[in-house]
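Naming: A, B, ... by sequence-line order, numbering from 1 per chain.
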Protein chains: 2
Amino acid sequence: MSTMRFVDRVLRRRRATVNDVALEAGVSRGTVSRVLNGERYVSSEARAAIDAAIAKVGYVPNTAARNLVTQRSGAIGLVVHEPHSLFVEDPNIASILLGANAALSEADYQMACLIADTRRDVDRLARYLSGGLLDGVIIVSARTSDPITSVVEKLQLPAAFIGHPVDISTSAYVAIDNVAGAREITSRLVATGRKKIGMIAAALDRDSGADRLAGFTEALGGDVDPSLVAGVRLYSYSDGQAGMRELLERHPDIDGVFASSDAVAAGALDVLTAAGRSVPGDVGVVGFDDSSWALRCDPPLSTVHQPATELGRAAADAVLRQLQGEPVEPGGIFLDTPIVWRASA
Amino acid sequence: MSTMRFVDRVLRRRRATVNDVALEAGVSRGTVSRVLNGERYVSSEARAAIDAAIAKVGYVPNTAARNLVTQRSGAIGLVVHEPHSLFVEDPNIASILLGANAALSEADYQMACLIADTRRDVDRLARYLSGGLLDGVIIVSARTSDPITSVVEKLQLPAAFIGHPVDISTSAYVAIDNVAGAREITSRLVATGRKKIGMIAAALDRDSGADRLAGFTEALGGDVDPSLVAGVRLYSYSDGQAGMRELLERHPDIDGVFASSDAVAAGALDVLTAAGRSVPGDVGVVGFDDSSWALRCDPPLSTVHQPATELGRAAADAVLRQLQGEPVEPGGIFLDTPIVWRASA
DNA sequence: TTGTATGCGTTATCAC
DNA sequence: GTGATAACGCATACAA
């Protein structure tokens, strides 16, 4: 503390306070505060003197102090609990971020994007969230039994989760129906006459991954040959390659593939063409997300559109509504996932 | 305010304070505070009683209040002043963010990523920055005469800019030498025997864009035919396509192209092959950034490596050093930009 | 219309 | 070791 004071006083000039302004303008702190908050009942002389004084002493309000008394900060956090690198790779996260920022920005809230990966990050972030520096929080990818989730629920911080982690009870969430999306696109693949359809199922440890597998299974009438499902860890290009190699080795005559994300599908596509299979001639491939990967593929991918931007926006709206005192929608908010049919199947 | 109190008291339970803990444990606030901050000189009985009380009343510290007295928040902002969409598209920004977050996370600071686009965003952000909620700030892409820049300089907020906006004087910055990078890669293109070399020069309104053009010009001995330079607005794929079409129309016999970013080069490449030119057979193409675009191209791009992650890390380190009381490095910090020679030239 | 007094939740400086 | 008490910078109910 004394160090900080020293720095404050000597290296930088001390920040002017309301008191300094009041002294300079020859009025009381209360009057200055009223001017600052744009209240009526201030004489024009007082206002003029105060404006001049503010400019002279270079006053700028201290939000931390204001927070303490108003109990609000004007900022809403967007928490991304993912391996750091995913933040760069996953186009969904970026779109969610954009949608949330648009909505918050319109409501004149400052969005602060917070990312956490390691245990230490998570603990620090949980501390930060509990600090009262944020009026609310949007949580992009919570895990089960996540310290972040428990802090949010314990503090009853106005929040909206994206996706539906199993252990939230009181908080709002917005999600897509992964089961339905996967079911529909798989059905369309079946409808094109494919007989031997496999799936590259990534991220089975997440609800999204597990749900997409469930949808695939449903579309195929409930029972699928397990050897037609290649489980991989991440929604990534390279895991898509690995999964496709596995499938191709087990079933050289495979003629349809549902990849649980577009990145996975892109990897599968490249492995297929490298193996001499034509797409969609020999094998039909479909993905999930409708991310930039889908259009970058050759042929462009048929896929399930994930409304990432709208998810962000809806989550932001949900938090804003809670801030207005409205109750949380029980059961969550679900967004549509239309099928986008292109050339890969 | 009264609304907030109401919400606090009724809808949610009131947050327990140090006082509540002190009452519950039968000690004074001072002692509680000492326990909280891990100081010695606390009897083990007191400590035990306090720990129990904390658990019982569900105490969680209020950072806003702590900030007020300690004058620090443990958070550092990362400001991105760009069109929102660029945040998704520009791989450099994401890498910078990752590098910065890694360094800050190691130092146990919470990074808060703040993005601004519109005038209103910028004003709100400037207000936020001046609020004392952040101990320091990394600024990814400042403009000239940017309210954000002026707030930072006025408040003498510990800061590090990435790149070197013209109107910063007291703040630290980390940058790459765009002139040198462009000069070197152009020289290598010349050395491969290309005779008619053009440039697609994006973002000439930024120092980076202008510097890359300057480097190109230097490598060509100072005078270049202006018709061999196609100026475009953004470092984007589509602007790269447009620039290449322009160049090809003016000089059908062009045999070398320096694109001022990899995304631009990717656009150029596709236009060239669509026009029946082989790369690198007929035309050699080089880019700038060494982003994921470079490897995605066919053939893979020869380019200038931009150490984006390291830029973020260096900027974070610069801010952290200032927080330790060290003075700002005059003249900035420059990072190397090695050439990565692949197959496109 | 304005000034005064009090409180927001913490940490820090003292005496004890 | 511990407990008062004074900051921190601001907003606001109330008195004037």
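Distances shorter than 4.0 Å separate some side-chain N or O of Asn37(A) from OP1 or OP2 on dA11(D). Put simply, Ser28(A) has no side-chain N or O that comes within less than 4.0 Å of OP1 or OP2 on dT4(C). Distances shown here put every side-chain N or O of Asn67(B) at or beyond 4.0 Å from the OP1 or OP2 atom of dC8(D). Of the side-chain N and O atoms in Ser43(B), one or more sit less than 4.0 angstrom from OP1 or OP2 of dT2(D).
A salt bridge is absent between Arg321(B) and Asp317(B): the closest approach of a Lys/Arg side-chain nitrogen to an acidic carboxylate oxygen does not fall below 4.0 angstrom.
The CG atom of Leu68(B) sits 11 Å away from the P atom of dT11(C) (whole-angstrom rounding). Straight-line distance from the CZ atom of Arg29(B) to the C1' atom of dT2(D): 14 Å, rounded to whole Å. For the pair Leu133(B) CG and dG9(D) C1', the interatomic distance rounds to 13 Å; values are reported in whole Å. One can place CZ of Arg72(B) at 17 Å from P of dG9(D), the figure rounded to the nearest angstrom. For the pair Tyr41(A) OH and dT2(C) C1', the interatomic distance rounds to 13 Å; values are reported in whole Å.
Interface remark: the Arg34(A) side chain does form a donor-acceptor pair with the dG3(C) base, using a distance-only criterion of under 3.5 Å.
Ranking dG3(C), dG9(C), dT2(C) by closeness to the Val27(A) side chain, first place goes to dG3(C).
Atom CD1 of Ile50(B) sits about 8.5 Å away from atom CG of Leu36(B), to the nearest 0.5 Å.
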